[in-house]
Q: 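Have a look at the structure that comes next, please.
Only a predicted model underlies this, so the values are computations on that prediction, with no experimental measurement involved. So you know, we letter chains A, B, ... as the sequences are listed, proteins then strands, and number each from 1.
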Number of protein chains: 2
Amino acid sequence: MGRGALLLLLLALLAPGAAVLLRPALRTLGSLHLPTNPTSRPALANNYSILYFEQKVDHFGFTLMKTFKQRYLISDKHWRKDGGSILFYTGNEGDIVWFCNNTGFMWDVAEELKAMLVFAEHRYYGESLPFGASSFKDSRHLNFLTSEQALADFAELIKHLKRTIPGAENQPVIALGGSYGGMLAAWFRMKYPHVVVGALAASAPIWQFEDLVPCEAFMKIVTTDFRKSSPGCPESIRRSWGAINRLSTTKGGLQWLTETLRLCDPLTSSDIRRLKDWISETWVNLAMVDYPYASDFLQPLPAWPIQVVCQYLKDPNVSDSLLLQNIFQALNVYYNYSGQAKCLNISETTTSNLGSLGWSYQACTEIVMPFCTNGIDDMFEPHLWNLKEFSDDCFKQWGVRPRPSWITTMYGGKNISSHSNIVFSNGELDPWSGGGVTKDITDTLVAITISEGAHHLDLRANNEYDPASVLLARTLELRYMKRWIRDFYDSLQMRH
Amino acid sequence: MGRGALLLLLLALLAPGAAVLLRPALRTLGSLHLPTNPTSRPALANNYSILYFEQKVDHFGFTLMKTFKQRYLISDKHWRKDGGSILFYTGNEGDIVWFCNNTGFMWDVAEELKAMLVFAEHRYYGESLPFGASSFKDSRHLNFLTSEQALADFAELIKHLKRTIPGAENQPVIALGGSYGGMLAAWFRMKYPHVVVGALAASAPIWQFEDLVPCEAFMKIVTTDFRKSSPGCPESIRRSWGAINRLSTTKGGLQWLTETLRLCDPLTSSDIRRLKDWISETWVNLAMVDYPYASDFLQPLPAWPIQVVCQYLKDPNVSDSLLLQNIFQALNVYYNYSGQAKCLNISETTTSNLGSLGWSYQACTEIVMPFCTNGIDDMFEPHLWNLKEFSDDCFKQWGVRPRPSWITTMYGGKNISSHSNIVFSNGELDPWSGGGVTKDITDTLVAITISEGAHHLDLRANNEYDPASVLLARTLELRYMKRWIRDFYDSLQMRH
C-alpha cells in the first residue's frame, strides 16, 4: 500500500451517533467491542422486532434472479395509524442493531411524530449478505455493493411495509441517516422523492468527491479542533512526525519508540509509515467524537476528549524524546483511558459492527473521496491526493478500479437545487463538515450548523450535557419533519 | 405464444414523428423500408455529424469493465456559444438516424433557441450494440438493456460533450423524446435534474403500468378514432372477428379467406389467431398515425387514413363474406395504398430501423404494460390481461421474468409532483394518450393536449396541413423551453 494508506484510511465514515472508528480500508485499528450506549434507555434492545425482507440481489438487471434476506428493525410503540408517520433509517456500512441502538434521536422524537421507526440494514453489512459467507470472496460477488442497489433496497422495503402493514400505506415516510447513512438519506430523497417526503442527512459529506471541496478541508478542521484547546497542541503533533522520522533511523531509536509508545510489537523501519498513519487516524477519530460528555464506544473516553489529549501537548518546544513521551500520554487517553490496556497495537482489527471489507470495496469503486494534507494549514505530513496510486491499490486488492466522477454524475454534485425537503446538519467540530452542505441551498434544502457538535451529535440521544447548539439543531430538525408530515397530509386531503 | 400475442404486440411503442409500427414482441408486421420524410429538408442528412462515445456496458457495477461505442448525432449549425442551448434527443428503441430525420420539430426550433442538436442512440439499438453481433444472444448479454442504463449513458454523454466542446459547459440542456423516448426524457429530468433543465415528453405513456390507468383505455381510444369517421366503422370491425371465426371452421372457408384477403401464404386454422392479431395491429397502427397529411413511412398513406379506411366499413349489417371483402379493402389502404403489393403477408419482419428484439426483451423485463379489451367498449375480441401467461412466455423466449411493479418503484408512478419542468404532450387521437399525463400536475409539470393529434405529431416537422391544435402545442412547447433556458441563465448570473 505504501503512502496510500493514510488516504484510504480517511475514506472511512463514522457510524451515526456512535463510533469513534474510521474504518481503514487496508489497515485497522483499536480493540473494539460491541459498544454499549450509556445514555440509551436500558431496555431499548427489547423495543424493536427483527425482521427480514427478500430482496433481489440485482435490481438493475434481470438475469440474476437470486434474492437475499435484508434485515430490518421495526418499532411501533409510538406509532399511530391516525396521523402517524414512518421514520426510516437508511442504514450504512455496519450492523443495523448497532446503528439502531445509537440513534437515540429517532427514539426521542417517535412519540411526538406518532412514528413507526424502521432501521434498514445496508446490503453487504451485518446479516444482510447477498451471498452469505461468500459475499466478499471476489469482485464478482461484490458487484452488487453500490449505493444505487442500496437505495433500491430501501424503496422496495418501504413499498413492502406499506403493502403489508395496515394503516401504513397513506403515511409519510422520512429518511434519516448519519455519515454515509446521511448521504444515503439525502440521495434517497433526491432519487425517490415519491417514496420519502423528506430527509434528515446528518454529517453527510455529499461533496467530499472530485474537486467539489478542497481536499485539504478535512484535515484542516481536525487541526483546528486541536488548536482550539491550545495553539501548542497541533504544533506538537506537527513536530512529532519529524521526531519519529529521526528516531526511526537507528535500531536504538526504533526500540526506544516501541518502549515509549508501549507498542505490543517491536517496530521495524518498515512499520514507520503504518505507525504514523495509525497516530494520524487517532487524531482524526478524536476530532470526530469530540463529544461534550463521556462516551464509551471504542474505549471509555472523557467528555471533550481533545481537551484532555491536548493537556499533554501544550508545549511543542521540547526535545524529540520528550515530545514523543507526550504523544504517548495523548494516545493513551484515547486507547487506554480505562487503564486496562497492557500495550497499544497499531494493527488491530476494527469492531465487527462495522464492515471494513465492504467499506474498503465501496471506497475503491463509487465512494472515492480525495483527501490531502500540506503540513502548513494542517498538522500532518504533506501528502498529495494520488488517484493513480489509489486506483492501482484498489485493483490489486479487489480487481476493480474506482470511477471518481460517477457519484457526481449520479447524484448531481453541487447542482442539486431542484430537489427539496432535505435538512443537512453538520457539526463544526466534525472534519466531515468540510465535505458537507453547510449553507442553505434553497428554502427547502437547508443547512443546520451545530457549533459545538462533532460527527452527527444531533442523531444521538438527548443528554444532560448536550450544548445549546445541538438542542437547537434537534428542535429545528423536528420542526422540518413536522412540516413535511403536515404538507403530506394537507396534499392527501386536497386529493380527496 | 397463443393468445398472449396481441397483448405483447401492443407493448411496442412508436418511433417519434415517424413510424406506423407497433414493434410486436413475438411477431412482426409489414414490409418496411428506411422511411423517407417528404416534409423534411432535402439535405437534412448532411447537416449532422455522426460520432461515437465510449460507454461502460454496466454503469451500476464495477466487475465488468467492458465498454462499447454509443453512436450519437450532432448538429451545431444554429448553435451559439453566447446564450445558446443544447437540445438532447433521448433515443428510443431504434436507429438514431431514423429518429433524427423524423424529429423535424427540433430542427425547426434550433435557430430560435440557438441550439445545438444532439441525438443519442439507445443502447442495444441501431449501431450501439454493447456486445456487437452477440448482443441479443442470451439474457446474459441482454442484462444491460434497461432504462436505467440508458439514462446513465445519456448523463455520461452530456458530461462528455460539456467537457469537450468549448462553450457548451455553461449551457442548459433540454431533453426531448417521443413515445418510449418521451418516457426516457421525462424520467431523465426526474432522475438527473442536474443534467437537464427540463424535458419535453411527447406521447409518453409513463402511466401505462400496473393499474395506474385502466388496461382497456388504449383500445377504447383506437375504437373511438374509428367511430369518429362513422359509427358503422368500428361495428364492422367488431363483427369481423366472428365472421373470420365462422369462416375458418372449414377448409373452404380458409381458402376463401386467403383469397379474399390476398394473403401471400394459405391460411390454416392455426393461423387464425395470428391473422386476427395482425388485423388488430393494423387498426392500432392507423390510430397512431392518423396524421392530417399524407405520409409514407410504412407504405404511402393518405391524409387522415382512418377516414379513408372507414369509407369501406360504413355498413356493418352485411353478410360475413361482404364484410370481409370490405375489411380487405380497408387493410389494402394501409398495406397497399401504392397499389404495388402483390399480396399481404401476415408475418413479415418489421423495419430494421426499429429493434424488435431489443424491445421484446424490454417488454419482458421492465416495460410491462398491461392491455386488455372487453369487446363492448372497444371493437376487439375480449381479452384479459394475464400476467402469469405473459411471464411464462417471456421466460420461454428470454429466460427472464418481468417485474411489473419495478417501473413504478423506480420512477414514482402517479406520485411525481415533486419534480419540475416537464411538458407532457399527447394527441387525443393517439391511443397511447390513455397511459399519458393529460392533466397539469403542477405549474411546472404540465400537460398539453393536441385534439387533432395522433402519436407525437408535435415532434414532426412543420407541415402546411398541420391543424391549429398542433401549432398551438408547438408554440407552448417552445415557450416552456425558452423559459427553462432563461431560468438557467438567470440563476447562472445570480451565482456570479
Side-chain angles (χ1 to χ4, degrees), chain A residues 56 58-65 138-149 151-152 155-156 158-159 163 189-198 361-362 364-366 394-395 398-403 405-406 408-421 444 491 495, chain B residues 56 58-65 138-149 151-152 155-156 158-159 163 189-198 361-362 364-366 394-395 398-403 405-406 408-421 444 491 495:
Chain A
K56 305 249 170 225
D58 186 9
H59 294 289
F60 300 102
F62 289 77
T63 313
L64 183 70
M65 296 198 184
D138 51 36
S139 68
R140 211 165 47 82
H141 288 84
L142 279 157
N143 194 50
F144 310 97
L145 173 49
T146 64
S147 62
E148 292 86 351
Q149 299 276 10
L151 296 182
E156 292 283 15
I158 290 171
K159 260 191 132 163
R163 212 167 29 224
R189 169 65 188 167
M190 294 179 194
K191 293 293 184 179
Y192 296 83
H194 51 287
V195 177
V196 286
V197 298
Y361 176 84
Q362 288 194 265
C364 272
T365 47
E366 280 191 318
C394 287
F395 191 73
W398 295 112
V400 297
R401 290 199 177 272
R403 275 190 241 150
S405 65
W406 170 245
T408 312
T409 304
M410 191 66 193
Y411 300 113
K414 293 219 163 174
N415 189 0
I416 55 174
S417 62
S418 70
H419 300 290
S420 62
N421 293 5
T444 65
S491 74
R495 268 182 280 153
Chain B
K56 304 250 170 226
D58 187 8
H59 293 289
F60 299 102
F62 289 76
T63 313
L64 183 70
M65 296 198 183
D138 51 35
S139 69
R140 211 166 47 81
H141 287 84
L142 279 157
N143 194 51
F144 310 97
L145 172 50
T146 65
S147 62
E148 292 87 351
Q149 299 275 9
L151 295 182
E156 291 284 14
I158 289 172
K159 260 190 131 164
R163 212 166 32 222
R189 169 65 188 167
M190 293 179 193
K191 293 292 184 180
Y192 296 83
H194 51 287
V195 178
V196 287
V197 298
Y361 176 85
Q362 288 195 264
C364 271
T365 47
E366 280 191 319
C394 287
F395 192 73
W398 294 112
V400 296
R401 290 199 177 274
R403 276 190 239 149
S405 65
W406 170 244
T408 312
T409 304
M410 191 66 193
Y411 300 113
K414 293 220 163 174
N415 188 1
I416 55 174
S417 61
S418 70
H419 300 289
S420 62
N421 293 4
T444 66
S491 74
R495 268 183 280 154

Q: In terms of ring plane angle, is the pair B:Phe62 and A:Tyr361 parallel, tilted or perpendicular, where the classes change at 30° and 60°?
A: perpendicular
Q: Check ring pair (Phe, Tyr, Trp, His ring centres under 6.0 Å) between B:His419 and all other residues, then give those that pass, not counting sequence neighbours.
A: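 Once residues adjacent in sequence are excluded, B:His419 has no partner under the ring pair (Phe, Tyr, Trp, His ring centres under 6.0 Å) criterion.
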Q: Between B:Ile158, B:Leu151, B:Thr365, B:Val400, who has the most heavy-atom pairs with chain A when the cutoff is under 4.5 Å?
A: B:Thr365
Q: Contact part of A:Met65 toward chain B, heavy-atom cut-off under 4.5 Å: side chain, backbone, both or neither?
A: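 A:Met65 touches chain B through side-chain heavy atoms alone.
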Q: Less than 4.5 Å to any heavy atom of chain B: does that hold for the side chain of A:Lys159, its backbone, both, or neither?
A: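 Contact with chain B: side chain only.
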Q: Rounded to the nearest 0.5 Å, how far apart are OH of A:Tyr411 and NZ of B:Lys191?
A: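 Rounded to the nearest 0.5 Å, the OH-NZ separation comes to 10.0 Å.
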Q: Is there a donor-acceptor contact under 3.5 Å from the side chain of B:Asn143 to the main chain of A:Gly61?
A: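 No; judged by distance alone, with no hydrogens or angles, the pair does not exist.
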Q: Of all of B:Met190, B:Met410, B:Arg403, which one pairs up most often with chain A through heavy atoms under 4.5 Å apart?
A: B:Arg403
Q: List in chain and number order the residues that pass ring pair (Phe, Tyr, Trp, His ring centres under 6.0 Å) with B:Phe144, two or more places apart in sequence or in another chain; answer none if no residue qualifies.
A: none
Q: Answer yes or no: is there a donor N or O on one side and an acceptor on the other, between the side chain of B:Ser139 and the main chain of A:Thr63, under 3.5 Å?
A: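 A pair under 3.5 Å: no.
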Q: Against chain A, work out which of B:His59, B:Glu366, B:Gln149, B:Lys414 has the most heavy-atom pairs shorter than 4.5 Å and name it.
A: B:His59
Q: Name the member of B:Ser420, B:Ser491, B:Ser417, B:Ser418 that forms the most heavy-atom pairs with chain A at distances under 4.5 Å.
A: B:Ser418
Q: Report the relative orientation of the aromatic rings in A:Phe60 and B:Trp406; use parallel for angles under 30°, tilted for 30 to 60°, perpendicular for over 60°.
A: perpendicular
Q: Out of curiosity, B:Asp58 CG to A:Thr146 OG1, how far, rounded to the nearest 0.5 Å?
A: 9.0 Å
Q: For chain B, which candidate among A:Asn421, A:Thr409, A:Val195 shows the most heavy-atom pairs at distances under 4.5 Å?
A: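 Of the options given, most contacts go to A:Thr409.
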